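As the structure is a prediction and not an experimental result, all values here were calculated from the model. So you know, we letter chains A, B, ... as the sequences are listed, proteins then strands, and number each from 1.
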2 protein chains.
Amino acid sequence: MNDELSTRDRLIQAATRLFRQRGYDGTGLSEILAEAGVPKGSLYHHFPDGKADLACAAADWTASEIIRVIDDSFRAAPDWRHGVTTFCYKMAKLFDILNSADACPIFGLLFEGPDQDRFRAQAEQSFDRIIAAAARHGEALGLSPEAAHDAAETFIIGFQGSWTLARTRRKSDVLRGLPARLYGPA
Amino acid sequence: MNDELSTRDRLIQAATRLFRQRGYDGTGLSEILAEAGVPKGSLYHHFPDGKADLACAAADWTASEIIRVIDDSFRAAPDWRHGVTTFCYKMAKLFDILNSADACPIFGLLFEGPDQDRFRAQAEQSFDRIIAAAARHGEALGLSPEAAHDAAETFIIGFQGSWTLARTRRKSDVLRGLPARLYGPA
DNA sequence: ATGCTACTAGACCAATCGGTCTAATGCTGG
DNA sequence: CCAGCATTAGACCGATTGGTCTAGTAGCAT
């Protein structure tokens with residue numbers, strides 16, 4: 001499917017997709033290998049610590065993707081609410097493309113796994129990178145640094161909860177309704 | 001530890017605790033059995049479909065516990081915000097008792113697992129039961145049915161996101177700060 | 001006591017798990 | 001052409017997985 005990607009990238013993307021669908025422990029190494037079309041030896045060459053290494057790489061890659069969507073959403077936004085709303089709509093579209101059953105791309109793959117603290121630290125870092133990216137746009141739109149950080153944190157919290165509810169109900173509306181929930185009717 | 005509990009209840013509670021810590025796929029049947037002090041035969045007697053049955057029972061039990069906390073929190077509350085705030089403080093305390101690493105008691109154990117749709121349906125039902133319980137208190141405090149349902153949904157969404165952030169940071173403050181985040185400074 | 005049901009007990013199973021290891025195969029600079 | 005490194009390839013490993021099955025025990029009704 002993605003012949004031009006490097007072996008390493010094919011592994012990361014296959015792992016990301018499968019972890020999101022079935023979780024860390026629910027995904028077998030053999031599934032990842034099959035989906036990526038890569039033999040076992042290559043995995044341990046690129047990721048010496050095996051599955052755990054791969055999961056951290058996948059989490060990092062995912063965070064970067066999310067930040068890209070955030071930046072896209074705020075590029076032409078006249079104010080905070082517009083940026084946030086665009087982001088919600090983009091993510092709702094993604095939600096519908098994935099079959100509405102996957103975990104939140106942001107945090108779905110970040111927990112679980114035997115090496116608790118490594119994953120927790122990875123999650124914290126990814127979380128903070130995402131919040132910082134959103135806060136930066138808040139500042140650019142005139143908010144004070146503290147207000148921007150707070151707004152970003154509140155929004156990401158709401159987004160995380162909304163994705164969960166959207167998933168149980170299989171309805172992306174919950175995501176699109178988040179701005180109204182947080183900031184009142186448009 | 002809990003000698004007076006029935007075999008069935010000991011299984012449910014051991015499973016709840018372990019699923020919350022390590023997730024569904026991350027928890028082995030043998031761990032649950034050891035923690036509950038129950039042989040394998042008993043499990044399949046009480047839960048013919050095995051692990052999946054047990055997980056659904058655990059989810060159901062957890063939802064009931066959460067509703068109990070909600071009812072407690074609103075018992076003496078003069079208004080919505082007070083009830084919600086009490087709930088957040090109670091849950092923050094629980095968060096500190098668990099070693100701040102567990103998944104949200106409400107939704108941590110509801111996803112993942114091979115039988116996707118069964119678990120999803122179970123999650124949806126639990127989610128709605130919890131929201132309905134909160135909404136009932138909103139109505140009792142004078143909100144219209146629609147307003148109460150909406151307030152409850154918004155709050156649970158925020159709570160779910162807050163627990164996730166609290167977990168990555170290992171700081172229960174995030175939970176206690178939720179009312180201010182949603183409704184402004186006290 | 002007897003027969004019946006509810007439950008406990010754990011040996012046993014095939015399948016799969018994550019991980020290691022050796023051999024072969026490019027690919028590169030000399 | 002060859003030496004040497006990076007990478008691929010997959011056979012193989014012990015451990016553990018969820019699940020089945022048979023045997024035994026406890027408690028109750030008759």
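- Listed by first and then second residue, the ring pair (Phe, Tyr, Trp, His ring centres under 6.0 Å) pairs involving residues 123-142 of chain B are B/F74-B/H137, B/F107-B/F127 (not counting sequence neighbours).
- Residues forming a ring-ring contact (aromatic ring centres under 6.0 Å, His included) with B/F87 (at least two apart in sequence, or on another chain): B/F155, B/F159.
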For residues 145-154 of chain B, which side-chain donor-acceptor pairs fall under 3.5 Å, sequence neighbours excluded?
unit_1: B/E146; atom_1: OE1; unit_2: B/S144; atom_2: OG; d: 3.4
unit_1: B/H149; atom_1: NE2; unit_2: B/E153; atom_2: OE2; d: 3.1
unit_1: B/E153; atom_1: OE1; unit_2: A/R181; atom_2: NH2; d: 2.7
unit_1: B/E153; atom_1: OE2; unit_2: A/R169; atom_2: NH1; d: 3.2
unit_1: B/E153; atom_1: OE2; unit_2: A/R169; atom_2: NH2; d: 3.3
unit_1: B/T154; atom_1: OG1; unit_2: A/R181; atom_2: NH1; d: 2.8
unit_1: B/T154; atom_1: OG1; unit_2: B/D150; atom_2: O; d: 3.0

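- Following rounding to the nearest Å, B/L33 (CG) and C/dT8 (P) show an atom-to-atom distance of 11 Å.
- When rounded to the nearest whole Å, the span between CG of B/L43 and P of C/dG10 equals 14 Å.
- Between the P atom of C/dG10 and the OH atom of B/Y44 lies a distance of 17 Å, rounded to the nearest Å.
- Nucleotide C/dC7 holds its P atom 12 Å from the CZ atom of B/F47, rounded to whole Å.
- A salt bridge does not link B/E139 to B/R136: none of the charged side-chain nitrogens sits closer than 4.0 Å to a carboxylate oxygen.
- Spacing between atom CG of A/L11 and atom C1' of C/dG18 amounts to 15 Å, rounded to whole angstrom units.
- Residues that satisfy the salt bridge (charged side-chain N to carboxylate O under 4.0 Å, His left out) test with A/D79, not counting sequence neighbours, are absent from this structure.
- Checked against salt bridge (charged side-chain N to carboxylate O under 4.0 Å, His left out), A/D9 has no partners two or more places apart in sequence or in another chain.
- Taking side-chain N and O atoms only, B/T7 has a distance below 4.0 Å to OP1 or OP2 of C/dT8.
- Looking at residues 34-42 of chain A, you'll see A/P39, A/K40, A/G41, A/S42 sit with a heavy atom under 4.0 Å from some atom of DNA chain D.
- Atom CG of B/L29 and atom P of C/dT16 are 17 Å apart (whole Å).
- Residues in residues 23-32 of chain B take part in these salt bridge (charged side-chain N to carboxylate O under 4.0 Å, His left out) pairs, two or more places apart or across chains: B/R22-B/E31.
- Under the 4.0 Å criterion applied to side-chain N and carboxylate O atoms, B/R120 and A/D102 are not assigned as salt-bridge partners.
- First and last contacting nucleotides of DNA chain D toward chain B (any atom under 4.0 angstrom from a heavy atom, 5' to 3' order): D/dT17 to D/dT20.
- Counting to the nearest Å, the P atom of C/dT20 and the CG atom of A/D53 are 12 Å from each other.
- For the ring pair (Phe, Tyr, Trp, His ring centres under 6.0 Å) condition, no pair includes a residue of residues 27-60 of chain A, sequence neighbours left out.
- Atom NE2 in A/H45 sits roughly 16 Å away from atom P in C/dG26 (whole-Å rounding).
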